[in-house]
Undergrad: 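Sharing a structure here in structure tokens format.
Since the structure is predicted, the reported quantities are computational estimates derived from the model, not experimental observations. So that the names make sense, note that chain A is the first sequence line, chain B the second, and so on, each numbered from 1.
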2 protein chains.
Amino acid sequence: MITMLDVSRQAGVSKATVSRVLNNTGQVKESTRVAVFKAVEELGYRPNLLAQALANQTSNTIGLVISNFDGPYFGRLLRQAAQLIEASGKHMIVTDGHDTPEGELEAVRLLIDRRCDAIILYTRFMEEPALMQLISQHPALMVINRDLPQARERCVVFEQQQAASEVVNYLIAHGHQDIACITAPINTPTGQSRLAGYREALEQNNIAYRDDFIAFSDSSIAGGYHACRELIEKNPSFTALFACNDDMAIGALRALHQAGKRVPDDVSLFGFDDEPSAEYLQPSLSTVYLPIDKMISTAIEQALRLSNGEIVEPVEPFVGELKVRESVINRK
Amino acid sequence: MITMLDVSRQAGVSKATVSRVLNNTGQVKESTRVAVFKAVEELGYRPNLLAQALANQTSNTIGLVISNFDGPYFGRLLRQAAQLIEASGKHMIVTDGHDTPEGELEAVRLLIDRRCDAIILYTRFMEEPALMQLISQHPALMVINRDLPQARERCVVFEQQQAASEVVNYLIAHGHQDIACITAPINTPTGQSRLAGYREALEQNNIAYRDDFIAFSDSSIAGGYHACRELIEKNPSFTALFACNDDMAIGALRALHQAGKRVPDDVSLFGFDDEPSAEYLQPSLSTVYLPIDKMISTAIEQALRLSNGEIVEPVEPFVGELKVRESVINRK
DNA sequence: GTGAAAGCGCTAACAA
DNA sequence: TTGTTAGCGCTTTCAC
């Protein structure tokens, strides 16, 4: 590998001078500037980012931890993040948390060890105390998807429960009383909040919560499919179904179809996330749009500010937006 | 930040000794081992990976460049890659190539500058000469999705044309003569190969290639939708449609439905990629399964070997597997 | 068994 | 305007 020393020799100057022209720092005579660039060109020199980071005490990177790599959800997020981070002149390092709390923790640790200037953790599994501790270990760590009352300025959150409640209220307002629900993983705050929103809406409308209208699932397409079959078997009388994410709604759609139930004529279906395919399904899927682009942007901006030592304000919670499409019918 | 020096002082030993116990290198008295670990614990010391990499002349990372972050396709790939790389004790750095040749090139450059031990480039846009040059610049760079005759051992490829041809041959064998096609981006080798496979099958069966059965598209759901509408407008007489990826098939499915054409009764539909949702669509989508898991695994293993200075053999091209589902009907 | 010292490739005072 | 020098945090000879 060509080093700066090689360049300096080729150009007949010192390393310091090479560094100066490459970083545009300090005054350099035009002729030597040219000579250095010429040498760089001839040798095909490229700076060693690791060495640079060590000397600069800043790696010029921002780390991102997501729950997993599958699915369209994080894809959208990563795309936006990559763009923003690049625009800020930094580089992005992504890691996944293997859908476990330990994995998430380990991933963040790694990013810290890599000396990322800022870190964004999209958590689904870590508990509050562990998160608080992480936050205390890195001055520019932002957490997405978990509200930490002790550190509001470090969180970017989405009003899960409210959105879920709006969905179910919408269904009720359109004449549905028997509303089933397929949950997201119930051991996660997200899964819990969405179910809580469902219950909240029922309560607000004095509709009894029934166990046989609930199927616990895992956010996957196959999971949604099986959960829906289970529901139909337990009690096929529901006229509406709230799947706590779009993937499960896709699975449920097929299960309903196979059971001879037409959507939306027999059963109205609601998803959550607004995946790219939602709009194109047959029938197009009603769902909740999550402003993940805005959320990740906000998190990155805030993290960047923190890494500059700036003082930051808490971020307002984000809210979802109902996308009502063909899969829901008015029964009134 | 706590450094090794801090630890050494706390333990009453030298940096060298700390390094020895942490890396299990050289003999150390048990009592001092314990002392060092105690100090590490007390101080919460974590080694600086950057410094380590610089001193070791190896970053212990393997870099991965993909075309973009959206879509389920690369998600599946990343998931598998992350697992494998982690299992090998290394860390993964992912970057995206922004769906442009320059982006791909820049992404690889960056990984080289970061001193990745090995690099995997899933290319869709770079041309052969540029790829050859990259390969010469990094001894452990593997290219996925482009065949370089000069460097077969650095490539992992998939028989695109053959698979596409099989699809169309299957349709023909099942009584279809009027087969339309929605292409993937035609400025990419993948797009070209799949279309070539389509033409090849027609030729083999003495069926004329007709311009009005072709719509050029962009691999997106929306693109598939619009392309299908265009096809129907140009010449609605096709009895089968080959969408060059599943996303476009999803879009086409809706367009067909809106045009009053039933799938598969009026039009048989084939996709490509075998996305997770393919099996659950209504009707379930016939498609081609790509062994991306195996492909990425192979690429990683090969890259790892290269980075160890081992000599490697060329890799056999991978082939797809037809997944025939409800969306295709026999018209004979 | 342990420490001192040099070096990985770069940056940044401080002199000259 | 430029070179010398001392680090950044770690590893690794080479003595002791």
Undergrad: What is the separation between atom CG on A:Asp113 and atom P on D:dC8, rounded to the nearest whole Å?
TA: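 Checked: the CG to P distance equals 19 Å.
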Undergrad: Do the side-chain N and O atoms of B:Ser307 and B:Asp117 include a donor-acceptor pair separated by under 3.5 angstrom?
TA: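 Side chains of B:Ser307 and B:Asp117: no pair found under 3.5 Å.
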Undergrad: To the nearest angstrom, how far is B:Leu50 atom CG from C:dG7 atom P?
TA: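 Rounding to the nearest Å, CG of B:Leu50 and P of C:dG7 are 22 Å apart.
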Undergrad: Would you check if there is a donor-acceptor pair between the side chains of A:His98 and B:Glu86 at a distance under 3.5 Å?
TA: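 Per modelled atom types, B:Glu86 and A:His98 side chains form a pair under 3.5 Å.
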Undergrad: Taking the side chain from A:Arg154 and the backbone from A:Leu141, do they hold a donor-acceptor pair closer than 3.5 Å?
TA: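 Side chain of A:Arg154 to backbone of A:Leu141: a pair is present.
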Undergrad: Where along residues 15-39 of chain A does a heavy atom fall under 4.0 Å from DNA chain D?
TA: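 When residues 15-39 of chain A is checked for heavy atoms under 4.0 Å from DNA chain D, the hits, listed by number, are A:Ala16, A:Thr17, A:Arg20, A:Gln27, A:Val28, A:Lys29, A:Thr32.
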Undergrad: So, is B:Gln57 close to the D:dC10 phosphate, meaning a side-chain N or O under 4.0 Å from OP1 or OP2?
TA: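 Answer is no, no contact under 4.0 Å.
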Undergrad: Side chains of B:Asp218 and B:Ser220: any donor to acceptor distance under 3.5 Å?
TA: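 Judged by distance alone, the side chains do pair up.
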Undergrad: Between B:Ala55 and B:Val13, name the one whose nearest nucleotide on DNA chain C is closer to the 5' end.
TA: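 The residue closer to the strand's 5' end, by nearest nucleotide, is B:Val13.
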Undergrad: A side-chain contact here means heavy atoms from C-beta on lying under 4.5 Å apart; do A:Val108 and A:Glu104 qualify?
TA: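 SC-SC contact between A:Val108 and A:Glu104 ruled out.
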Undergrad: For B:Thr3 and D:dG9, is the shortest distance between a side-chain N/O and OP1 or OP2 below 4.0 Å?
TA: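 False: B:Thr3 side-chain N/O out of range (4.0 Å or more) of D:dG9 OP1/OP2.
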Undergrad: How many whole angstroms separate atom CD of A:Gln52 from atom P of C:dA12?
TA: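 After rounding, the reported distance stands at 10 Å.
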Undergrad: Pick the closest DNA chain C nucleotide for B:Gly12 and for A:Ile2 by heavy atoms, then say which residue is nearer the 5' end.
TA: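 Its nucleotide being nearer the 5' end, the pick is B:Gly12.
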